[in-house]
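The structure appears below as structure tokens.
Quick note on labels: first sequence line is chain A, next is B, and so on, each numbered from 1.
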Amino acid sequence: MASEAGAGEAQGTFRERVLALVARIPPGRVMTYGQLALLAGQPGAARQAGYVLNTLAGGGELPWQRVINAQGRVSTHKLGFGDMQERLLEAEGVTFDASGRCDLARLQWWPAEEDAPPERLL
DNA sequence: TTTGTGACATGAT
DNA sequence: AATCATGCCACAA
């Protein structure tokens, strides 16, 4: 027990920390890129958070679709799979505005100690 | 090593 | 509301 620290602290590279956070987002909830960067120990590095997800290329079991921008919109439209991301979120209960926005104030999720980190997804 | 790029964020215009 | 400009920093060439 000595080695590991308490609640979701930084470990490994920025990339690892971001992926670990994304893996913990519950279904039907979302996090923003800036939020990920902040919790990963790099406030303001929202672009890098997005870059990390880009390298995944929709890879694996990681719920990448639960990461959206600060406007409450998916940032993947220009990449071509924005529609798919919205669809995946809708399947989890997230509703989008006519202008493609969701209620961030209600859906944005923040990690808590009581949440069990699903290492399975890592 | 330098340069350019980018699934962003924020403020100004 | 939409657009522009700047900051941010990891990563590829």
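Note on residues 62-75 of chain A: pairs passing salt bridge (Lys or Arg N to Asp or Glu O under 4.0 Å), not counting sequence neighbours, are A:Arg66-A:Glu92.
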Polar pairs (N or O, both sides) under 3.5 Å between protein and nucleotides 9-13 of chain B?
{"from": "B:dA9", "atom 1": "OP1", "to": "A:Ala70", "atom 2": "N", "distance (Å)": "3.0"}
{"from": "B:dA9", "atom 1": "OP2", "to": "A:Ala70", "atom 2": "N", "distance (Å)": "2.9"}

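In the 5' to 3' direction, nucleotides of DNA chain C lying under 4.0 Å from heavy atoms of chain A begin and end at C:dG7 to C:dA12.
Partners of A:Thr32 according to the side-chain hydrogen bond (donor to acceptor under 3.5 Å, both in side chains) rule, which considers only residues two or more places apart in sequence or in another chain, do not exist here. In this view, A:Arg106 and A:Asp103 satisfy the side chain to side chain contact (heavy atoms under 4.5 Å, CB included) rule, not counting sequence neighbours. Under the rule for a side-chain hydrogen bond (donor to acceptor under 3.5 Å, both in side chains), the partners of A:Gln108 that lie at least two apart in sequence or sit in another chain are A:Gln35. Applying the side-chain hydrogen bond (donor to acceptor under 3.5 Å, both in side chains) test to A:Arg87 and every residue at least two apart in sequence or in another chain returns A:Asp83. With sequence neighbours left out, A:Arg15 forms a side-chain hydrogen bond (donor to acceptor under 3.5 Å, both in side chains) with A:Thr55.
Straight-line distance from the NE2 atom of A:His77 to the P atom of B:dC8: 12 Å, rounded to whole Å. As rounded to whole Å, 13 Å separates atom P of B:dT5 from atom NZ of A:Lys78. Rounding to whole angstrom units, CZ of residue A:Arg73 and P of B:dA7 are separated by 17 Å. As a whole-Å value, the separation of A:Leu104 CG from B:dC8 P is 14 Å.
Closest approach of A:Asn69 to A:Ser75, counting heavy atoms only: ND2-OG, 2.8 Å. Between A:Thr76 and A:Gln85, the closest heavy-atom pair is OG1-OE1, 2.6 Å.
DNA chain C is contacted by both A:Pro43 and A:Val52; A:Pro43 maps to the nucleotide lying nearer its 5′ end (nearest heavy atom per residue).
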